[in-house]
Amino acid sequence: MTGMEKLWGVKEVAEYLGIPVQTLYRWRCQGYGPRGRRMGKHVRYIPDDVREWVVSLRDEVA
């Protein structure tokens, strides 16, 4: 994680990716998308993990 950057919630990740929150939830259920971590009833994402996931799509997206 870069410095002390705070974890992102579902809304922040969806906004960053430019997708609806429901899409992110659906991807999570399908085992797709950036890795999230459950913290109690919340899902949190490390921003660098989200960015790395986006970069990894370069090879998958035609």
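Side chains of R51 and V54 form no contact here, defined as non-hydrogen atoms less than 4.5 Å apart. At a threshold of 4.5 Å between non-hydrogen side-chain atoms, the residues Y32 and W53 count as touching. Counting heavy atoms from C-beta on, the side chains of Y16 and V50 come closer than 4.5 Å.
Atoms NE2 and CG, from H42 and L7 in turn, are 12.5 Å apart once rounded to the nearest 0.5 Å. One distance of note links CD1 of I46 with CD of E52; it measures 9.5 Å at 0.5 Å rounding. Taking CZ from R28 and OH from Y45, the interatomic distance works out to 5.0 Å, rounded to the nearest 0.5 Å.
In terms of the side-chain contact (heavy atoms from CB on, under 4.5 Å) criterion, residue partners of E12 (sequence neighbours excluded) are, by chain and number, K6, W8. Every residue two or more places apart in sequence or in another chain was checked for a ring-ring contact (aromatic ring centres under 6.0 Å, His included) with Y25, and none qualifies. Among residues two or more places apart in sequence or in another chain, the side-chain contact (heavy atoms from CB on, under 4.5 Å) test is passed with R35 by R37.
Across all non-hydrogen atoms, the minimal contact from D48 to E5 is OD1-OE1, 4.3 Å.
Distance alone, capped at 3.5 Å, is enough to place a donor-acceptor pair between the R38 side chain and the K41 backbone.
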